[in-house]
Amino acid sequence: MYRLIRRVPRGKVVTYGQVAAILGQPRGARAVGVALGALRGPLVETVPWHRVINAAGRCTHRDGFWADIQRERLEEEGIAFDSSGSVDLKTTRWTGPRREWRTALRGEL
């Protein structure tokens with residue numbers, strides 16, 4: 001899963017559900033969130049966790065502090081938020097990896 005998230009380009013976002021679906025687990029959005037919440041040490045800096053948001057286009061970390069950091073990082077990458085704190089998923093959502101790469105990732109969740 002972390003390999004997939006590392007491939008999300010700067011200035012793009014994915015949803016928890018999208019990550020799970022790419023990995024062949026369409027009902028695994030919560031597991032993606034748990035795995036990202038467990039990041040510690042150097043992985044926090046090497047996995048761009050901030051590029052994963054909820055299906056409504058919002059930062060959703062349980063601790064408000066992390067949600068603020070997530071939004072700051074996304075804004076630094078040029079992602080704009082509307083007045084309700086959401087991003088426009090139509091313009092900022094990453095379409096995902098090539099088909100052959102998706103097949104190689106299946107079952108990683």
Side-chain angles (χ1 to χ4, degrees):
M1 179 191 61
Y2 298 145
R3 284 187 349 175
L4 171 64
I5 294 170
R6 283 186 182 110
R7 293 185 60 96
V8 178
R10 183 176 175 83
K12 293 291 184 181
V13 296
V14 291
T15 65
Y16 296 99
Q18 182 182 358
V19 171
I22 289 169
L23 297 176
Q25 301 292 323
R27 297 179 55 106
R30 186 172 298 218
V32 172
V34 169
L36 290 175
L39 286 173
R40 298 289 182 267
L43 285 177
V44 171
E45 297 303 320
T46 61
V47 176
W49 57 268
H50 61 282
R51 295 181 186 148
V52 184
I53 60 176
N54 74 9
R58 301 188 66 148
C59 301
T60 57
H61 291 280
R62 290 186 180 127
D63 181 353
F65 173 73
W66 286 105
D68 290 344
I69 290 175
Q70 183 179 23
R71 181 173 174 153
E72 285 176 20
R73 286 186 175 192
L74 290 173
E75 288 175 335
E76 287 171 2
E77 293 183 5
I79 294 177
F81 287 79
D82 64 19
S83 60
S84 69
S86 298
V87 301
D88 181 3
L89 288 173
K90 289 180 183 176
T91 60
T92 60
R93 185 191 307 248
W94 181 52
T95 57
R98 294 184 321 268
R99 182 181 201 115
E100 63 273 9
W101 205 76
R102 285 184 188 200
T103 304
L105 286 172
R106 299 260 180 211
E108 269 201 27
L109 188 57

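- One finds no salt bridge joining Glu77 and Arg73 here, because no Lys/Arg side-chain nitrogen approaches an Asp/Glu carboxylate oxygen to under 4.0 Å.
- In the hydrophobic cluster analysis, where Ile, Leu, Val, Met, Phe, Trp and Tyr join through side-chain heavy atoms closer than 4.5 angstrom, Ile79 is grouped apart from Trp49.
- Gln18 contributes a side-chain N or O that, together with a main-chain N or O of Trp94, makes up a donor-acceptor pair within less than 3.5 Å.
- Looking at heavy atoms from C-beta onward, Ile5 lies out of side-chain contact with Arg51 at the 4.5 angstrom threshold.
- None of Leu23, Thr15, Ile22 except one satisfies the side chain to side chain contact (heavy atoms under 4.5 Å, CB included) rule with Val19; the exception is Leu23.
- Side-chain contact between Leu89 and Val13: present, with at least one pair of heavy atoms (C-beta onward) separated by less than 4.5 Å.
- When atom types are taken as modelled, the side chain of Tyr2 and the backbone of Leu39 share no donor-acceptor pair closer than 3.5 angstrom.
- Of the candidates Val14, Thr60, Leu74, Ile53 forms a side chain to side chain contact (heavy atoms under 4.5 Å, CB included) with just one, namely Leu74.
- Arg10 contributes atom CZ, which lies 7.5 Å from atom CD of Glu76 (distance to the nearest 0.5 angstrom).
- Side-chain N or O atoms of Arg58 include none that pairs as donor or acceptor with a backbone N or O of Ala55 at under 3.5 Å.
- Put simply, the side chain of His50 does not reach to within 4.5 Å of the side chain of Ile69, judged on heavy atoms.
- Residues Trp66 and Val8 share a single hydrophobic cluster, defined by chaining ILVMFWY side chains whose heavy atoms lie under 4.5 Å apart.
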